[in-house]
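Taking it in order: structure first as structure tokens, then the write-up.
For the single chain, residues carry numbers from 1 onward in sequence order.
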Amino acid sequence: MSADVEHLLRVEAPQVLGALTRRFGHFDVAEDAVQEALLAASRAWPVDGVPDDPRSWLIRVGYRRMVDLLRSEQARRRREREAGAADQAMWEPARRPSPPRETDDGLTLLMLCCHPVLSPASQVALTLRAVGGLTTAEIAHAYGTTENTMGTRISRAKQRLAGAGARFTPPDDADRGSRLAAVTQVLYLIFNEGYTASAGEELARVDLTHEAIRLTRMLHASLPGDAEVTGLLALMLLTESRRAARVRGADELVPLDEQDRTLWDAALIHEGTELIDGVWNRHEVGPYQLQAAIAAVHAAAASPERTDWPQIAVLYLWLERLTPTAPVRLSRVVAVARAYGPGRGLALLDDLNRRHRLDRDPLTRRRERAVRAHLLQMTGETAGAAALYREAAALTDNQVEQRYLLDRADRLG
């Protein structure tokens with residue numbers, strides 16, 4: 001299957017799912033029907049060609065499968081009457097009523113997949129399956145688990161939605177803010193897992209970063225005036241711009257200061273910088289905007305020496321006040337050390353460990369050792385640095401990252 005056909009299927013998937021869910025009112029059944037329609041298209045279109053109206057083609061195939069699935073349930077007769085009422089409109093796309101202008105199927109699907117009854121892991125899996133159009137096998141591979149395990153997780157997520165009475169409707173004003181926060185968090189998690197995979201032989205999972213960016217573009221198109229959504233998209237683009245320079249050869253990790261900046265994607269940097277500049281002067285600044293601003297400062301530096309580390313340190317302090325998490329605190333340590341010297345960085349790290357235990361937090365315990373090792377190396381304490389690099393390597397399942405840390409340790413003796 002060509003990349004163009006694959007992209008078209010992923011773009012159309014949420015719209016087809018929205019059409020079927022809106023007609024029949026059964027998200028879980030509609031999602032299965034859409035997956036089968038996508039599979040049928042992936043087999044037919046490379047041979048027969050893409051139809052003139054691909055969305056209608058997918059809706060018709062999904063509709064047939066939807067009817068079959070509904071007929072197998074106990075409430076067959078009632079549901080068949082509902083399906084029959086929708087039959088004419090489904091088979092004649094020109095007569096099919098469009099959703100109201102303020103309704104966006106992609107946004108509504110994202111909100112549904114990030115329903116508060118679901119765990120973050122289930123929200124991620126269901127978003128990738130229902131909105132991203134990824135197969136269960138693809139999602140399982142990306143997250144280092146088996147297809148059966150991921151299939152069970154997705155199935156349970158759909159059951160929980162059904163049990164909670166979740167409907168394919170936009171959330172009301174009271175619920176919208178929290179649901180949007182969940183959506184942006186899920187997209188952020190997908191991007192982060194793709195940018196540095198938690199396990200495996202590859203540093204990154206490009207399929208996940210690309211999917212996170214595609215879905216965030218869709219969200220931004222639905223909510224162009226939302227500054228935090230804009231900030232999230234800018235952050236992803238600016239971070240992704242460095243991907244080609246992060247690995248040397250097949251599997252050698254290259255830290256930021258050693259990257260060949262001519263390999264950075266100038267188009268992504270330009271787009272991301274314009275996005276964050278466009279919302280930066282608004283009254284309220286959120287965490288994604290701040291992270292995008294930090295990425296933009298890095299992108300603006302022609303060389304590592306010209307990076308404005310004092311400005312980055314201030315931005316991280318601001319970010320820490322908004323989101324006082326262990327990863328943000330540890331990033332501020334790095335910025336302070338680069339701006340004012342390793343001694344200041346180590347003193348801050350010691351203070352944060354006393355108050356917040358970054359060295360024991362699951363989100364930072366590996367990186368805390370790597371950061372401390374680097375700062376000790378800068379001060380000349382090579383033996384202590386080497387030992388900490390090895391400790392950090394033992395705490396990661398990403399083989400590229402592990403080799404990099406062990407290599408740093410071996411160079412110090």
Side-chain angles (χ1 to χ4, degrees), residues 195-196 203 239 242 245-249 251-264 294-295 297-320 324-413:
Y195 195 68
T196 303
L203 177 66
T239 306
R242 303 194 294 264
R246 294 181 71 216
V247 177
R248 185 183 294 116
D251 57 8
E252 182 184 352
L253 188 151
V254 182
L256 182 63
D257 280 0
E258 299 175 21
Q259 290 177 11
D260 179 357
R261 300 191 177 209
T262 64
L263 297 177
W264 290 3
I294 292 167
V297 174
H298 282 297
S303 66
E305 298 74 24
R306 299 178 66 179
T307 303
D308 190 346
W309 283 106
Q311 182 181 1
I312 292 175
V314 170
L315 289 170
Y316 269 121
L317 179 60
W318 191 355
L319 180 61
E320 184 181 347
T325 64
V328 170
R329 288 178 171 127
L330 189 56
S331 293
R332 184 163 74 90
V333 169
V334 175
V336 167
R338 296 303 304 272
Y340 306 110
R344 283 275 296 274
L346 284 167
L348 176 60
L349 182 55
D350 288 341
D351 178 61
L352 290 173
N353 272 342
R354 281 193 298 271
R355 293 189 290 126
H356 304 293
R357 306 307 312 191
L358 304 187
D359 55 338
R360 296 184 183 180
D361 192 299
L363 296 176
T364 53
R365 60 178 186 155
R366 174 195 55 78
R367 188 165 171 251
E368 188 275 341
R369 285 158 176 78
V371 168
R372 184 179 291 277
H374 182 63
L375 297 182
L376 288 176
Q377 181 181 352
M378 292 173 68
T379 63
E381 296 185 36
T382 55
L388 284 168
Y389 279 131
R390 291 190 175 95
E391 285 186 28
L395 293 172
T396 180
D397 292 321
N398 186 294
Q399 295 177 27
V400 176
E401 196 171 33
Q402 188 177 78
R403 282 192 296 270
Y404 167 77
L405 292 167
L406 290 175
D407 181 63
R408 296 292 294 261
D410 292 342
R411 290 182 183 183
L412 295 176

Could you list all the salt bridge (charged side-chain N to carboxylate O under 4.0 Å, His left out) pairs where at least one residue sits in residues 383-393, not counting sequence neighbours? Arg369-Glu391, Arg390-Asp410
Just verifying a value: how many Å separate Arg411 CZ and Thr382 OG1, rounded to the nearest 0.5 Å? 14.5 Å
Would you check, one step at a time, whether the test side chain to side chain contact (heavy atoms under 4.5 Å, CB included) holds for Glu368 with Val371? CA-CA 5 Å; Glu368 188 275 341; Val371 168; 5.9 Å; no
Nearest 0.5 Å, please: how far is CD1 in Ile294 from OG in Ser331? 7.5 Å
Given side chains that start at C-beta, do those of Leu315 and Gln311 come closer than 4.5 Å, heavy atoms only? yes
Rounded to the nearest 0.5 Å, what separation is found between the CD atom of Glu258 and the CZ atom of Arg248? 6.5 Å
With side chains defined as the heavy atoms from C-beta onward, is the minimum distance between Arg261 and Pro304 less than 4.5 Å? yes
Taking all non-hydrogen atoms of both residues, which atom of Arg367 and which atom of Val334 are closest, and how far apart? NH2-CG2, 3.9 Å
Can you give me the closest heavy-atom contact between Trp264 and Leu256, atom names plus distance? CZ2-CD1, 3.7 Å
Sequence neighbours excluded, the answer for ring-ring contact (aromatic ring centres under 6.0 Å, His included) partners of His374 is none
Spell out, as yes or no, whether a donor-acceptor pair under 3.5 Å connects the side chain of Thr364 to the backbone of Leu358. yes
Arg242: salt bridge (charged side-chain N to carboxylate O under 4.0 Å, His left out) partners, not counting sequence neighbours: none
Which atom pair, heavy atoms only, marks the closest approach of Tyr404 to Leu253? CD1-O, 3.7 Å
List the residues meeting ring-ring contact (aromatic ring centres under 6.0 Å, His included) with Tyr316, not counting sequence neighbours, and say none if there are none. none
Which donor-acceptor pairs under 3.5 Å do side chains of residues 340-348 form with protein atoms, sequence neighbours excluded?
none

Carefully, step by step, assess Leu388 and Leu376 under the rule side chain to side chain contact (heavy atoms under 4.5 Å, CB included). CA-CA 9 Å; Leu388 284 168; Leu376 288 176; 3.6 Å; yes
Salt bridge (charged side-chain N to carboxylate O under 4.0 Å, His left out) filter on Asp257, not counting sequence neighbours, yields Arg338
Sequence neighbours excluded, the answer for side-chain hydrogen bond (donor to acceptor under 3.5 Å, both in side chains) partners of Asp397 is none
Smallest separation among heavy atoms of Ala335 and Ile312, with atom names: CB-CG2, 3.9 Å
For Arg365, what residues pass the salt bridge (charged side-chain N to carboxylate O under 4.0 Å, His left out) criterion, not counting sequence neighbours? none
Kindly write out the residues that satisfy side-chain hydrogen bond (donor to acceptor under 3.5 Å, both in side chains) with Asp308, not counting sequence neighbours, or none if the list is empty. none
Among residues at least two apart in sequence or on other chains, which ones pass salt bridge (charged side-chain N to carboxylate O under 4.0 Å, His left out) with Asp350? Arg372
With a sphere of 6.0 Å drawn around CZ of Arg306, does it hold more than 12 non-hydrogen atoms of other residues, nucleotides or ligands? no
Exercise: identify the closest heavy-atom pair between Leu349 and Leu330: CD1-CD1, 3.9 Å
Do Arg246 side-chain atoms and Thr196 backbone N/O form a donor-acceptor pair below 3.5 Å? no
side-chain hydrogen bond (donor to acceptor under 3.5 Å, both in side chains) filter on Gln399, not counting sequence neighbours, yields none
Any side-chain heavy-atom pair of Leu352 and Val333 under 4.5 Å: yes
Closest approach of Ala339 to Pro310 (non-hydrogen atoms, all atoms of both residues): CB-N, 3.7 Å
Among all residues two or more places apart in sequence or in another chain, which pass the ring-ring contact (aromatic ring centres under 6.0 Å, His included) test with Trp309? His298
Kindly determine whether Thr396 and Asn398 satisfy side chain to side chain donor-acceptor pair (under 3.5 Å), including the steps that lead there. CA-CA 6 Å; Thr396 180; Asn398 186 294; 5.6 Å; no
Counting only heavy atoms from other residues, nucleotides and ligands, does the tally under 6.0 Å from CZ of Arg357 exceed 12? yes
